[in-house]
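Below, chains carry the letters A, B, ... as their sequence lines are ordered, and counting in each starts from 1. Given the structure is predicted, the values throughout are model-derived calculations rather than measurements.
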Amino acid sequence: MKRFRGFLVLTIVFILAVALVTAGCGKKQEEKKEAGDSGKFKVAFMYVGPVGDGGYTYAHDQGRKYLEEKMPDVQATIVESVPDTNAADPERELTRLAEEGNKVIFATSFGYMDPTINVAKKYPNVVFMHCSGFKTAENVGTYFGRMYQARYLTGIVAGKTTKSNLIGYVGAYPIPEVVRGINAFTQGVRSVNPKAKVKVVWTNTWYDPAKEKEAGKTLLDAGCDVIAQHQDTPGPQQAAEEKGKFGIGYNSDMSKFAPKAVLTSAVWNWGPYYYNTVKAVREKTWKSDQYWGPMSDNIVGLAPFGPMVPEDVNKVVDEAKQKITSGQWDVFTGPIKDQSGAVKVPEGQKMSDKDMLSFDWFVEGVDGSIPKK
Amino acid sequence: MTDTGQTNVLVLILATAVTAGTPILYAALGELLTERSGVINLGVEGMMLIGAVSGFMTAVVFKNPWAGVAAALLAGGAVALIHAFLTITLRTNQVVSGLALTIFGTGLSGYLGKSFIGLPLPVPFTSRPLGMLSEIPFFGPVFFNHDPLVYLTYLLVPALWVFIYKMRPGMHLRALGENPSAADSLGVKVFLSRYMYVVAGGMLAGVGGAYLSLAYAPSWLENMTAGRGWIAVALVIFALWNPLRAMVGAYIFGGIDALGLRLQVLGVMIPSFFLQMMPYIFTILVLVVVLGKNRSARTGSPGALGIPFDREER
């Protein structure tokens with residue numbers, strides 16, 4: 001009896017384990033294998049989330065699809081939901097991808113930084129591209145986009161739309177990337193509507209749909225009539241939709257989640273960059289580099305405007321876009337004042353990349369505060 | 001700010017506390033029943049996710065949110081059945097099985113829901129003011145201006161309280177958790193009853209998850225419960241296994257986030273880490289207070305909680 005029970009337990013545990021592997025981890029092994037490996041140029045993408053997150057990873061995967069379309073002789077493998085909170089998982093997956101003969105490997109989360117550097121040492125003939133990090137090596141490059149430029153443009157749309165002159169912004173964490181986005185957005189709002197204010201609420205989460213929606217509701221109740229966000233879920237947009245107000249999405253076009261509310265979204269457009277990088281590696285012109293792509297490279301941009309956005313807004317946005325992409329002006333060109341009214345960037349001066357990457361103060365017009373560490 | 005302005009903010013915070021607390025309340029009531037019968041199930045988070053995804057998929061296909069609730073009941077119960085089989089029949093470690101269930105539920109729900117991400121819910125649950133009741137000053141907007149699933153808890157909580165403390169099967173349930181051997185000799189079918197309560201617990205956890213995907217957020221996103229299952233487990237202890245206290249606790253736990261966000265808008269910053277640990281601090285405080293009053297009291301925790309029942313090993 002005892003022995004039988006032990007056997008039964010083992011069987012059940014085994015079945016559960018198999019179910020787990022197929023359901024949970026199984027997705028990771030989901031590879032795009034074309035008929036045979038017949039001479040195709042192999043590249044790989046490692047993602048932190050599921051392709052269906054409707055946000056960050058989805059945007060990267062759209063880039064992967066673009067690459068495959070433009071270069072049919074490229075075979076792109078993907079690995080989903082690799083946690084970036086430990087080193088073991090990404091190192092194992094990166095090693096596997098390198099062993100399988102991939103020539104370029106894109107690691108798309110900040111937390112993959114050290115694992116990428118470590119594995120790259122063992123595979124000098126493979127090019128590793130790490131998204132949003134700051135460590136490079138002979139065969140490791142980094143890449144990211146100047147999302148703040150797109151956010152500035154969405155700020156113009158919001159500033160033109162608001163009636164209450166109060167715009168809400170749901171922020172994830174008070175880190176420089178998010179602060180920079182809020183500041184750029186506010187600059188955009190105030191360029192067309194100097195009376196408007198941007199009210200900030202922190203959720204302290206990247207991914208909690210219910211809480212992020214609650215944050216949106218809170219801002220709406222406080223009198224905001226446009227809700228922008230730096231979050232990975234469309235919760236804040238849904239809150240705006242329910243109240244019959246407007247919103248600005250992020251990561252990818254969020255209009256499908258809240259069609260009546262989303263004016264536009266600040267979106268990532270990785271495709272052309274992935275294409276150019278793979279092309280450079282194949283033509284042997286690739287060199288390790290730290291790329292922070294401007295909007296003129298189309299790596300960041302705006303999703304199509306919703307039907308509720310008036311024609312004349314289009315024109316204003318296009319003019320501003322022209323100014324930024326031509327390189328003659330950037331979002332953080334002085335004079336820029338902080339919340340107390342003190343001039344932080346003098347007239348005519350451009351803020352340096354280093355200062356932008358360590359933003360820890362809000363510009364004039366932001367109603368909110370950055371919690372002290 | 002005027003006086004009415006402040007009352008309005010208070011009403012908004014409390015009304016949010018009720019809706020934010022409802023998914024946790026459903027899950028906690030389920031876990032309460034399960035634990036009362038002597039079985040601990042730490043798979044609440046997984047069962048909630050399974051309930052959320054199956055409820056959403058069904059509601060989309062049938063264009064009816066109640067169909068979604070039915071599916072969530074079935075799916076949550078089915079997942080709990082795995083736990084029941086492992087821990088009651090096979091007498092494996094309940095903690096390990098529960099944790100496995102959470103991992104399993106998280107993975108499976110993500111896999112099942114893939115093609116449903118970003119789909120709109122044709123008919124979500126929406127607020128329906130309860131006639132006269134919703135017009136009572138203060139209490140009306142706080143309690144009686146919500147969706148039907150919230151109102152359902154107003155019936156469920158007292159019903160469970162009466163069942164547990166005033167009815168014969170409820171007495172048997174308490175006996176199951178306190179001393180299954182004694183219950184057995186009274187003629188209570190220990191195995192069958194424990195199966196029933198574990199499955200019932202899973203069903204309620206499933207509805208808790210479905211509340212998020214059908215009423216609160218209405219949409220499906222992977223891992224959308226974001227830790228609420230664990231809050232529910234803490235809530236059962238906070239409530240000392242009493243459904244009425246669970247209701248109060250759910251609203252406190254649910255209200256904490258709302259309070260933090262609303263205070264931010266008013267310009268008051270409370271460190272988020274502090275707010276996030278509040279549910280657990282409250283739980284510890286309650287235990288300290290209760291134990292401080294009477295050291296011999298077992299705080300209402302079922303005596304045989306976590307111990308598998310074996311007729312031959314009495």
Q) Are any non-hydrogen side-chain atoms of A/Lys211 and B/Arg228 less than 4.5 angstrom apart? A)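 Side-chain contact under 4.5 Å: yes.
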**Q.** Toward chain A, the part of B/Pro23 with a non-hydrogen atom under 4.5 Å
**A.** neither
Q: Report the distance from atom CD1 of B/Ile117 to atom CZ of A/Phe257, rounding to the nearest 0.5 Å.
A: 7.5 Å
Q: Mind checking the CG-CG spacing from A/Asn204 to B/Leu275? Nearest 0.5 Å is all I need.
A: 9.0 Å
Crowding at [atom1], [X] (>12 non-hydrogen neighbours, <6.0 Å):
| X | atom1 | result |
| --- | --- | --- |
| A/Phe362 | CZ | yes |
| A/Lys256 | NZ | yes |
| B/Phe274 | CZ | no |

Q. With sequence neighbours left out, what residues match A/Leu302 under side-chain contact (heavy atoms from CB on, under 4.5 Å)?
A.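 side-chain contact (heavy atoms from CB on, under 4.5 Å) list for A/Leu302, sorted by chain: A/Ala150, A/Leu153, A/Thr154, A/Thr264, A/Phe305, A/Val317.
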List the atom of [X], the atom of [Y], and the distance in Å for their closest heavy-atom pair.
| X | Y | answer |
| --- | --- | --- |
| A/Pro209 | B/Leu221 | CG-CD1, 3.7 Å |
| B/Pro218 | A/Lys213 | CD-NZ, 3.5 Å |
| B/Leu261 | A/Trp202 | CD2-O, 3.7 Å |
| A/Asp208 | B/Met224 | OD1-O, 4.4 Å |

Q: Select all residues of residues 228-249 of chain A having any heavy atom within less than 4.5 Å of some heavy atom of chain B, and report them by number, or 'none'.
A: A/Thr233, A/Pro234, A/Gln238, A/Glu242
Q: Go through B/Arg262 and A/Glu214 one step at a time and tell me if the side chain to side chain contact (heavy atoms under 4.5 Å, CB included) criterion holds.
A: CA-CA 10 Å; B/Arg262 305 267 167 190; A/Glu214 198 54 56; 3.7 Å; yes
Q.
Please identify which of these residues, B/Asp257, B/Val265, B/Leu263, meets the side-chain contact (heavy atoms from CB on, under 4.5 Å) condition with A/Thr218.
A. B/Val265
Q: Please determine if A/Lys217 forms a cation-pi arrangement with B/Tyr216, meaning its NZ or CZ atom is less than 6.0 Å from the six-membered ring centre and no more than 45° off the ring axis.
A: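 Satisfied, under 6.0 Å and within 45°.
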